[in-house]
Peer 1: 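Just passing along the structure, written as structure tokens.
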2 protein chains.
Amino acid sequence: MKKLESNTEELIFASAIKIFHKKGLAGARMQEIADEAGINKAMLHYYFRSKQLLFEAVFKKAFMQLAPQIHQVLNSEDSLFEKIINFTDKYISFVMENRFLPTFIIQELNNNPDFANQFFSQAEFPKSTRFLIQIEEGIQNGTIKNVNPKQLLIDMFSLAIFPFIGAPLLQKITNVNESAYNNLLIERKKHIASMLINSIKK
Amino acid sequence: MKKLESNTEELIFASAIKIFHKKGLAGARMQEIADEAGINKAMLHYYFRSKQLLFEAVFKKAFMQLAPQIHQVLNSEDSLFEKIINFTDKYISFVMENRFLPTFIIQELNNNPDFANQFFSQAEFPKSTRFLIQIEEGIQNGTIKNVNPKQLLIDMFSLAIFPFIGAPLLQKITNVNESAYNNLLIERKKHIASMLINSIKK
DNA sequence: GTCTATAGCCAGATAGAC
DNA sequence: GTCTATCTGGCTATAGAC
């Protein structure tokens, strides 16, 4: 693992994250990453061998910053409603600090289907089974309405993730400036949870 | 390939759409577009001058396939609930036939902020004012709960668009195969509408 | 209008001095 | 480990024959 190794490696990695997150694999330039790090191109290859490998390290890091958190929320001992509240709150708080992360992940999964498949076959992926069962139990209890649990799962992710990915579009269509849009994002922590719960609570 | 496109320009354009939608501006190759069209690279430049101009034509076309439809739904004479129903139904039906379209648009807006700004400054954009006012009226009428209208607008877009953009991720997390995921998408036409309406109806 | 051939440039990757 | 210089290949774009 990466510990107190050379801090050059970490410097390169941090710069690579910045550039790859903003421009994606195809759009990023090794020279730009080197400039961002204040060193020369050759060092990137010295530490990471190739652009592809550097990208894969960046992607894995990005994915691992999100996946375990999501897994933990979905598989905790909490009630269904608590999970919905926790998920939206935690996810939005985290992504506000890492604004390009979801766009980057989703974009690269779409643009590199082969890489995506290979990655998924070896990565630890958040499990949703427990969450889905809790929904079914709620339906049978009569505490929540009859919905397809998978739709509800998709809803939850869509409501939390898309406002970041679609920001340029949504900011225009809601007709607000950047700072007002940020306030909407913060407000969403509570909004999404209450909206989801309202829609299923009997 | 479509037979109706007897002329070369349209053949090139159709091929460019295919490739740009799948790989984006940075990832697309002029050679690949030429191969897709079954002609040689030089023709692309003969008809469209440069990769950038070809891309801009493709992007504009993509945007114009969606924007007017959305504008029309949001600004019709229909009631709020009818608009929600129409929007989700129409949008999902259309995008199922043009699967890469939303991903392409969103991705390029994120990757090319300068182009995005320049584009937005001259493109006709769907207006949401009327829709937002209808929500406020509903709140004052007492027919719907007290929500921030802009949040509801963001919700509606998120629920309809993200399932396409995030398909690779969502398919994995819901643990279904491609055909089952497609069925979920079709089911969403009704699901989203009823979920939105349930969440705000008093 | 359509092709082949190629110019010209730029990106990723490597060699080798220090 | 870090640098400069350079190789090699691929990409956009153009020239020019037909």
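The model shown is predicted, which means the values in this text are computed figures rather than measured ones. Here is how names work: the chains are called A, B, and so on, in the same order as the sequence lines, proteins then strands, and each is numbered from 1. Hydrogens, waters and symmetry mates play no part in the numbers below; they use all other heavy atoms, side chains included.
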Peer 1: Applying side chain to side chain donor-acceptor pair (under 3.5 Å), name anything that partners B:Asn148, two or more places apart in sequence or on another chain.
Peer 2: A:Glu187
Peer 1: Among residues 38-45 of chain B, which contact DNA chain C at a heavy-atom distance under 4.0 Å?
Peer 2: B:Ile39, B:Asn40, B:Ala42, B:Met43
Peer 1: Quick test of your reading: applying ring-ring contact (aromatic ring centres under 6.0 Å, His included), list the pairs with at least one residue in residues 159-197 of chain B, sequence neighbours left out, ordered by first then second residue.
Peer 2: none
Peer 1: Please list, one pair per line, the donor and acceptor atoms closer than 3.5 Å that link side chains of residues 51-62 of chain A to other protein atoms, with sequence neighbours excluded.
Peer 2:
from: A:Lys51; atom 1: NZ; to: A:Leu25; atom 2: O; distance (Å): 3.0
from: A:Lys51; atom 1: NZ; to: A:Ala28; atom 2: O; distance (Å): 2.9
from: A:Gln52; atom 1: NE2; to: A:Glu56; atom 2: OE2; distance (Å): 2.8

Peer 1: May I ask you to evaluate whether A:Tyr47 reaches the phosphate of D:dT2, defined as a side-chain N or O under 4.0 Å from OP1 or OP2?
Peer 2: yes
Peer 1: Mind running a 4.0 Å heavy-atom check of residues 20-30 of chain A against DNA chain C and sending the residues that fall below it, in number order?
Peer 2: A:Ala28, A:Arg29, A:Met30
Peer 1: In whole angstrom, give the distance that lies between atom CD1 of B:Ile19 and atom P of D:dT12.
Peer 2: 12 Å
Peer 1: Taking CD from B:Glu9 and C1' from C:dT2, how many angstroms apart are they, rounded to a whole number?
Peer 2: 15 Å
Peer 1: Can you list the residues that meet the side chain to side chain donor-acceptor pair (under 3.5 Å) rule with B:Lys23, with sequence neighbours excluded?
Peer 2: B:Glu32
Peer 1: Does B:Arg49 have any side chain to side chain donor-acceptor pair (under 3.5 Å) partners at least two apart in sequence or in another chain, and if so, which?
Peer 2: none
Peer 1: What residues in residues 49-59 of chain A put a non-hydrogen atom under 4.0 Å from any atom of DNA chain D?
Peer 2: none
Peer 1: Between C:dA13 atom P and A:Ile33 atom CD1, what is the distance in whole Å?
Peer 2: 11 Å
Peer 1: Side chains of B:Asn198 and A:Asn198: do they bring a donor and an acceptor to under 3.5 Å?
Peer 2: no
Peer 1: Please identify each residue that fulfils ring-ring contact (aromatic ring centres under 6.0 Å, His included) with A:Tyr46, with sequence neighbours left out.
Peer 2: none
Peer 1: Would you please name every residue forming a ring-ring contact (aromatic ring centres under 6.0 Å, His included) with A:Phe94, sequence neighbours left out?
Peer 2: none
Peer 1: For B:Tyr47, what residues pass the ring-ring contact (aromatic ring centres under 6.0 Å, His included) criterion, not counting sequence neighbours?
Peer 2: none
Peer 1: Applying side chain to side chain donor-acceptor pair (under 3.5 Å), can you list everything that pairs with A:Glu82, at least two apart in sequence or on another chain?
Peer 2: A:Ser79
